[in-house]
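Numbers here are sequence positions counted from 1.
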Amino acid sequence: MSSPLLLAVLLLVGICSPATGKVYGRCELAKILKASGMSGYRGVQLADWVCLAKWESDYNTNAENHNTDDSTDYGIFQINSRWWCRDGRIRSADGCGIPCSRLLNSDIADDIACAKRVVRDPNGISAWVAWRNHCRGRDLSSYIAGCGV
């Protein structure tokens with residue numbers, strides 16, 4: 001295959017391929033979350049958000065977990081399809097007003113906006129089981145240590 005033709009094929013494949021997820025580094029995520037106004041949002045500290053993302057998805061934006069109630073959790077914060085996004089599989093309250101598929105790519109702006117929406121509800125960050133089980137009441141300083149945030 002000639003070089004211009006190969007380049008055209010690779011470009012076409014890149015354009016036609018679905019957006020892929022990303023596994024963020026701990027400090028990389030902390031910096032993005034801080035720049036997005038997550039530090040102190042609704043009283044939730046930056047280390048809480050990083051801990052939450054670690055235990056929900058291991059910092060993987062492409063994480064998907066299916067639940068026994070037929071709902072699915074999506075993305076770096078594991079946003080639930082029954083309450084916060086719509087995936088077309090189950091009836092959803094669609095609290096964030098977005099398709100769940102938008103939570104699976106490397107751009108986490110939608111995920112952050114939706115997570116902010118979730119913590120505005122009465123349960124706050126306690127809506128996330130992983131936060132309750134792994135982060136609540138613990139010293140979380142190690143989650144942002146050395147990150148310069």
Side-chain angles (χ1 to χ4, degrees), residues 6-67 69-136 140-149:
L6 178 59
L7 183 59
V9 169
L10 290 175
L11 183 60
L12 184 60
V13 168
I15 290 170
C16 294
S17 296
T20 57
K22 175 179 179 171
V23 178
Y24 279 87
R26 177 179 60 86
C27 287
E28 178 185 20
L29 179 62
K31 289 174 183 174
I32 291 168
L33 295 177
K34 183 170 182 169
S36 300
M38 296 293 271
S39 183
Y41 186 80
R42 293 285 175 151
V44 180
Q45 299 308 307
L46 184 59
D48 287 286
W49 289 113
V50 178
C51 180
L52 168 82
K54 168 65 179 167
W55 290 100
E56 285 289 356
S57 67
D58 205 19
Y59 309 128
N60 183 356
T61 67
N62 205 33
E64 259 185 79
N65 289 294
H66 302 281
N67 303 306
D69 69 351
D70 293 328
S71 70
T72 303
D73 298 329
Y74 292 90
I76 200 162
F77 297 120
Q78 291 293 277
I79 303 291
N80 185 267
S81 63
R82 180 168 304 286
W83 304 106
W84 304 109
C85 63
R86 60 187 180 281
D87 64 6
R89 294 180 194 160
I90 64 166
R91 183 180 204 107
S92 174
D94 194 18
C96 293
I98 59 169
C100 299
S101 59
R102 287 188 30 199
L103 302 170
L104 296 174
N105 59 30
S106 60
D107 178 358
I108 61 171
D110 293 331
D111 308 63
I112 291 169
C114 189
K116 285 180 174 180
R117 170 63 189 90
V118 173
V119 298
R120 287 195 305 267
D121 260 23
N123 288 330
I125 198 164
S126 294
W128 281 278
V129 174
W131 181 85
R132 294 193 314 261
N133 292 342
H134 299 282
C135 310
R136 179 172 51 190
L140 304 179
S141 58
S142 63
Y143 287 93
I144 57 172
C147 296
V149 291

Item checked: Contact check, side chains of Asp94 and Trp84, non-hydrogen atoms, under 4.5 Å -> no

Item checked: Considering all heavy atoms, the nearest Ile79-Val118 contact -> CD1-CG2, 4.4 Å

Next item on the list: Check the side chains of Asp48 and Trp131 for a donor-acceptor pair under 3.5 angstrom, ignoring hydrogens and angles.
Entry: yes

Next item on the list: Go through Tyr24 and Lys31 one step at a time and tell me if the side chain to side chain contact (heavy atoms under 4.5 Å, CB included) criterion holds.
Entry: CA-CA 11 Å; Tyr24 279 87; Lys31 289 174 183 174; over 6 Å; no

Next item on the list: Quick one: pull up CD1 in Ile144 and CG in Leu46 and give me the separation to the nearest 0.5 Å.
Entry: 5.0 Å

Check: Is there a side-chain contact between Thr20 and Asn62 (heavy atoms, below 4.5 Å)?
Finding: no

Item checked: Donor-acceptor pair, side chain of Ser81 and main chain of Thr72, under 3.5 angstrom -> yes

Margin query: Looking only at side-chain N and O atoms, does Asp73 offer a donor or acceptor that is under 3.5 Å from a partner on Asn65?
Written below: no

Margin query: Quick check for you: to the nearest 0.5 Å, what is the distance between Tyr74 atom OH and Leu103 atom CG?
Written below: 9.0 Å

Checklist line | Gln78 (side chain) donor-acceptor with Ala63 (main chain) under 3.5 angstrom | finding: yes

Note to self: Using side-chain heavy atoms (C-beta onward) and a distance below 4.5 Å, is Leu140 in contact with Cys135?
What the structure shows: yes

Notebook entry, point to check: What is the distance from atom NZ of Lys22 to atom OG of Ser106, rounded to the nearest 0.5 Å?
Noted result: 7.0 Å

Margin query: The test is disulfide (SG to SG under 2.5 Å); show your working for Cys27 and Cys147 and say whether it passes.
Written below: CA-CA 5 Å; Cys27 287; Cys147 296; 2.0 Å; yes

Next item on the list: Identify the two heavy atoms, one from Ile76 and one from Glu56, that lie closest to each other, and give their separation to 0.1 Å.
Entry: O-CB, 4.1 Å

Notebook entry, point to check: Are we looking at SG atoms under 2.5 Å apart for Cys114 and Cys85?
Noted result: no

Checklist line | Rounded distance (nearest 0.5 Å) linking atom CD1 of Ile98 with atom CZ of Arg117 | finding: 12.0 Å

Note to self: Return the CD to SG distance between Gln45 and Cys51, rounded to the nearest 0.5 Å.
What the structure shows: 13.0 Å

Note to self: Can a donor-acceptor pair be found, under 3.5 Å and without considering hydrogens, that links the side chain of Ser39 to the backbone of Lys34?
What the structure shows: no

Next item on the list: Could you label the plane-to-plane angle of the Phe77 and Trp49 rings as parallel, tilted or perpendicular, counting under 30° as parallel and over 60° as perpendicular?
Entry: perpendicular

Notebook entry, point to check: Is there a donor-acceptor pair closer than 3.5 Å between any side-chain N or O of Asn105 and the backbone N or O of Asp107?
Noted result: yes

Item checked: Validation row: Val50, Trp55 side chains within 4.5 angstrom (heavy atoms) -> no

Notebook entry, point to check: Short question: side chain of Ser71, backbone of Arg82 - any donor-acceptor pair under 3.5 Å?
Noted result: no

Note to self: Can a donor-acceptor pair be found, under 3.5 Å and without considering hydrogens, that links the side chain of Ser36 to the backbone of Met38?
What the structure shows: no

Next item on the list: Report the C-alpha separation of Ile112 and Ile32 in whole Å, then their side-chain angles, then the decisive distance to 0.1 Å, and conclude whether the side chain to side chain contact (heavy atoms under 4.5 Å, CB included) test is met.
Entry: CA-CA 10 Å; Ile112 291 169; Ile32 291 168; 4.2 Å; yes

Check: Considering only heavy atoms from C-beta outward, does the side chain of Val23 approach that of Asp58 to under 4.5 Å?
Finding: no

Item checked: Sidechain N-carboxylate O distance under 4.0 Å for Asp70, Arg89 -> no

Check: With distance as the sole test, does Asn123 use its side chain to make a donor-acceptor pair with the main-chain N or O of Ser126 at under 3.5 Å?
Finding: no

Next item on the list: Answer yes or no on whether Lys54 is positioned over the face of Tyr143, meaning its NZ or CZ is under 6.0 Å from the six-membered ring centre and within 45° of the axis.
Entry: no

Check: Got a second to check how far Cys96's SG is from Arg102's CZ, nearest 0.5 Å?
Finding: 10.5 Å

